[in-house]
Structure formats: structure tokens, C-alpha cells
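Just below is one structure, and these are the notes that go with it.
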Amino acid sequence: MGMKPRTFRYFFVEGIKSIWIHRLMSLASIGTVSACLVIFGLFALFSINLNYIGEQIQSQCEIQIFLDEDISDKQKEDIGRRLRNDENVKQCVLETREQALENFKKQLEENADLLDGFEKDNPLRDSYKITLNDIKKSEEVVNKIKDMKGIAKIENRKEIFDKLISVTDLIKNVSFWTMILLAVISVFIISNTIKLAVFARRREINIMKFVGATDWFIRWPFIIEGMFIGLIGTMVAFGLIAYSYLSILDMISHSFDIFKLMSFTEIYQGLLIIFIMVGMAIGIVGSTISIRKYLRV
């Protein structure tokens, strides 16, 4: 639908003027948009970081392949080459029995002296530690290598992998549907809040209808009003989310180093675009729903 610059300027001015005239109602609407988007943003950040942590966990989940004690160097190299050539294997590292003993001592920390003397009679085995591109392929990889000559034992930890995958998938699904539900609730709340402003101007709308104004001529100032309410609410919510997330990152960096969260610079652009789209859409849809009743004259 074409629109002259002068007409658009009229709609723009009327929309902004309405926000100021009904500033208490507009403030309530802005607060509602902000509150809904803050909750929406928290779930979005939670979901993003859950995926990020899941990738870190996958990189740390290993299959350990223990070798026979009497295996030859040639057999050892052959097993390593076959493991590295597997398309599902991301990394394959040989851990000698000497390295395994040193790592065991590091895990025991102050009790490492309990292992003194085992250097001469080391009970541990050489092993290959492999990480996969996709931990869901762990059973497939194990089935390929379990009959290789020179392998004594394979430690898969498949049950841990399966539980990790099921919990991660469940949380992802819950987060997704929660965000969808919040968007629906936000539209409902905003439409009812803006409806108060529309109700206060119902006579003005009816007069405009009777003098021949089109539905779109009446509707546009309200749409622009809702759009700006959504945009202002978006900026407030984004500021709160940014401050909170940066505070959490700072706190975690000093007290928790097992897993890392994504830095804000990595996600703020995408998050801001989503916030603007959702916030403005909520305001526009809320305004459109609110005025529909009063256009039926």
C-alpha cells in the first residue's frame, strides 16, 4: 500500500504523541514488553549456552582403548593408524603406561606418594584415548574396533553419553516451547494493555469512521505507537540482559572454570536482532488486536 511522505509523517507524529499523552499506559506496556523479553532472553541465553557446554562435554568425552601388555610397536602403530582413519574419530592420542601413572598421581594430588615404587612395576597399560565428532556414534565406533588384534579392553562409558544426550535434548525442547509460550503470553498482555489506550480514544475512532476515514488510516498511528512501545521495551530489556549476563560471566570466570559460557560479543548481535524483531512484532500485533473491535462500526 503506497503512502505519501506527508501522510506517513502524520501517522508518525500521532503515534509518538499518543505515547506521551497516554504515558502511564505506555509505561505499563513498555514494562510488560521488557519483562517478557527479559524472561525470553534468559531462556534464549540458557539454550545457547547449553548447546555450547554440550559441545565442550562432547570434546571431553573419550573412549579409552587399552592395549595388550605384549603388543608389538608395529601392532600399536597399526591400531593407532586405523583409529585415526575412522571418519567418526576427531582425535586419537596414545597414552603410555608411564604417562598414565603420572596422570594418576596428578589426580591424587597430595596423596600421590601412595604410588611411589610403581615406576619399576607399573600395573597400568598403554592405551589410546579417542574423542568423536559425534558422541552418538560411540557404539558404532566400538563395534568397528572391538575385534582388532592387540586390544585388551575398551572403556566406552556409553551409559553416561546416553544420559547426557537425553538430558540435553530434553532441556533444549523445554527451552524452545517455553520461549514460544512466552511470546504468545506477551502478545496477549500487550494487546490488553494497549486496549486501555484504544478504549480511551474510542469516540475519536468512531468519529473518524463516520467521516469516512479508512480502517488503515485509523490503524496506522496505533501500529506505529505499538511498534515504538515494543522498540523501547526491547532496548530496556536488552540493557538489563546485557548487564546481567556480563555480571554472570565475570562471576563465573573467577570461581568456575570447568565449563565456559559464550562471551557476550559472540552473541549480542544475533540476540539484539531477535529482540528488536520480537519486541516490535509484539507491539504491532498487540495494537492491531486492540483496535480491531472499534473499527467495526
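The first residue of the sequence shown is numbered 1, and numbering continues consecutively from there. Note that the coordinates shown come from a computational prediction; the quantities given were computed from them, not determined experimentally.
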Check your understanding: Is it the case that more than 12 heavy atoms not belonging to R82 sit under 6.0 Å from its CZ atom?
Key -> no
Check your understanding: Do E95 and Q64 touch side chain to side chain, with heavy atoms closer than 4.5 Å?
Key -> yes
Review point. What are the two closest non-hydrogen atoms of C92 and G80, and how far apart are they?
Key: SG-O, 4.3 Å
Point to revise | Heavy-atom pair of closest approach, residues R125 and D68 | key: NH1-CA, 3.7 Å
Point to revise | Exam field: side chain E266 to backbone S263, donor-acceptor pair closer than 3.5 Å | key: yes
Review point. In terms of ring plane angle, is the pair F275 and F238 parallel, tilted or perpendicular, where the classes change at 30° and 60°?
Key: perpendicular
Study note, to complete from the structure: When every non-hydrogen atom of T234 is compared with those of M280, the smallest separation belongs to OG1-N, 4.5 Å
Point to revise | Non-hydrogen atoms of A237 and S34 that approach each other most closely | key: CB-O, 3.6 Å
**Study point:** Donor-acceptor contact present, side-chain E140 to main-chain K137, <3.5 Å
**Key:** no
Check your understanding: Mind checking whether F66 and L83 sit in one hydrophobic cluster, side chains of I, L, V, M, F, W, Y counted as touching below 4.5 Å?
Key -> no
Review point. Counting distance only, does the side-chain N/O of D126 pair as donor-acceptor with the main-chain N or O of L67 below 3.5 Å?
Key: no
Review point. Are any non-hydrogen side-chain atoms of N88 and K144 less than 4.5 angstrom apart?
Key: yes
Exercise for review: State whether the side chain of N143 and the backbone N or O of E139 hold a donor-acceptor pair below 3.5 Å, judged by distance alone.
Suggested key: yes
Point to revise | Side-chain heavy-atom pair N156, S138 within 4.5 angstrom cut-off | key: yes
Study note, to complete from the structure: Heavy atoms of Y128 and K76 approach each other most closely as OH-O, 2.6 Å
Review point. Which atom names give the shortest non-hydrogen contact between I241 and V38, and what distance separates them?
Key: CD1-O, 3.5 Å
Point to revise | Contact check, side chains of E102 and Q99, non-hydrogen atoms, under 4.5 Å | key: no
